[in-house]
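Worksheet: one structure, shown below.
As a basis for the values below, the full set of heavy atoms in this structure was taken, side chains included, without hydrogen atoms, waters or symmetry mates. Residue numbers begin at 1 in each chain, while the letters A, B, ... track the order of the sequences.
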Amino acid sequence: KKDLTVLMTQLGNHSLVREAERLFEQVGDADIVLYTSLMKMYSRSGDLRAVERCLQRIIAEGMEPDLIVYNTLIDAYGKHGTIAKATRAVSEMLARGLRPDVWTYSTLINLYARHRLLTKVRSCFDEMTERGVIPNITTYNTLIHAFTSSKDLTAAEVAYEQLQDAGLRPNVWTYSSMMKVYLLKQDVDSVRSCFRNMLQQRVRPNIIAYNTLIDALGQARLIEEMEAALLEMRANDVNADAYTYTTLLKVYASVGRISSMEETLQEMREQGATPNLVTWNTLLATYGSLNDVDRVRDTLAEMRADRVRPD
RNA sequence: UUAGGUACAUAUGA
């Protein structure tokens, strides 16, 4: 039961969801924790109706939905539903005497950010602090991302300062987010120093931090340094993923190094990374911009042979 | 059982 609980929170893949459902029914006496992870699984697979059914079942079986159940529900509405539904879930939660916590507010901030409602993002943060709920590092990371996606890079930098003033320590998510901010400002020096700062603070860069660094160096046309970063990443036992390779393909294409791009695609397959839709689109766009119709045709055929559906 | 459940970051084109 414990294992299934953990497993389900990591699933979103449709065939595995069906498998997990079977196991769930076999377990029988599901508790609220198992139900919550089932909700998250459905949320990840985008099945909002199934998420709602979980809540109904929890109630039908005489259990009291707790704060975590509602936080999961609100997040599901934020990702796949409407703000109105999320707001209703908050009211329902309050009616049950549950108090929104730092997770609830961070979820709501993220929800408003996804809907590009920057004013609501700010008012939600203010409401949180007024009610004595202390923002944590994830709250600030969410804010930084919210400001970044609405192109208010200055606000993102202010939030970064504020989190440190509040005595919080940036984590790898924070550093990656700030590297993206500097990348968008085309300030590769700041990207580099942010990465170094992360190392200095003994925060271990993960694949996302490296990918962001590689993208920034590539966009600055610092090809040698980008390749050095890739080597350093591997030396630290971080394996390149589809994002890494797609970024490399894009960078080589942008500097007209088509053969390097093709070698990289080859290497990608040798390393067992699977080209995805974005990878194929990047290749198609490259050959398309070169008016290389034959290559476009070949690439499209390869893509289909790989069972990737063009969008 | 001092166990298991919820929020945040990276690549393409429109």
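- One can place OH of A:Tyr105 at 21 Å from P of B:rU6, the figure rounded to the nearest angstrom.
- Here A:Leu213 contributes atom CG and A:Lys180 contributes atom NZ; the two are 13.0 Å apart, rounded to the nearest 0.5 Å.
- Here A:Ile32 lies in heavy-atom contact (under 4.0 Å) with a base.
- Within 4.0 Å of A:Thr72, counting heavy atoms only, lie sugar-phosphate atoms of the nucleic acid but no base atom.
- None of A:Arg295, A:Arg297, A:Arg307, A:Arg269 except one satisfies the salt bridge (Lys or Arg N to Asp or Glu O under 4.0 Å) rule with A:Glu302; the exception is A:Arg269.
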Return all side-chain donor-acceptor pairs below 3.5 angstrom for residues 48-56 of chain A, not counting sequence neighbours, or 'none' if the list is empty.
{"residue": "A:Arg49", "atom": "NH1", "partner": "A:Glu52", "partner atom": "OE1", "Å": "2.3"}
{"residue": "A:Glu52", "atom": "OE2", "partner": "A:Tyr77", "partner atom": "OH", "Å": "2.6"}
{"residue": "A:Glu52", "atom": "OE2", "partner": "A:Lys85", "partner atom": "NZ", "Å": "3.1"}

### Query
Between A:Asp75 and A:Lys79, is a salt bridge (charged side-chain N to carboxylate O under 4.0 Å, His left out) present by the stated rule, with each step listed?
CA-CA 6 Å; A:Asp75 184 55; A:Lys79 291 184 168 107; 2.6 Å; yes

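- Taking the ring pair (Phe, Tyr, Trp, His ring centres under 6.0 Å) definition, one finds that A:Tyr140 meets it with A:Phe125, sequence neighbours left out.
- Within 4.0 Å (heavy atoms only), A:Thr142 reaches sugar-phosphate atoms of the nucleic acid but no base atom.
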### Summary
Expected string for nucleotides 9-14 of chain B under the B/S/- scheme (protein heavy atoms, under 4.0 Å, primed atoms plus P, OP1, OP2 as sugar-phosphate) is BBBBB-

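- For A:Ser37 against B:rG5, a side-chain-to-base donor-acceptor contact under 3.5 Å is absent.
- For B:rA7, the OP1/OP2 oxygens have a side-chain nitrogen or oxygen of A:Lys40 closer than 4.0 Å.
- Within the 4.0 angstrom heavy-atom criterion, base atoms lie near A:Thr138.
- For B:rG4, the base has a donor-acceptor partner in the side chain of A:Asp31 [N/O atoms by modelled type, under 3.5 angstrom].
- In this structure, of B:rU6, B:rU1, B:rA7, it is B:rA7 that holds the atom nearest to the side chain of A:Ser106.
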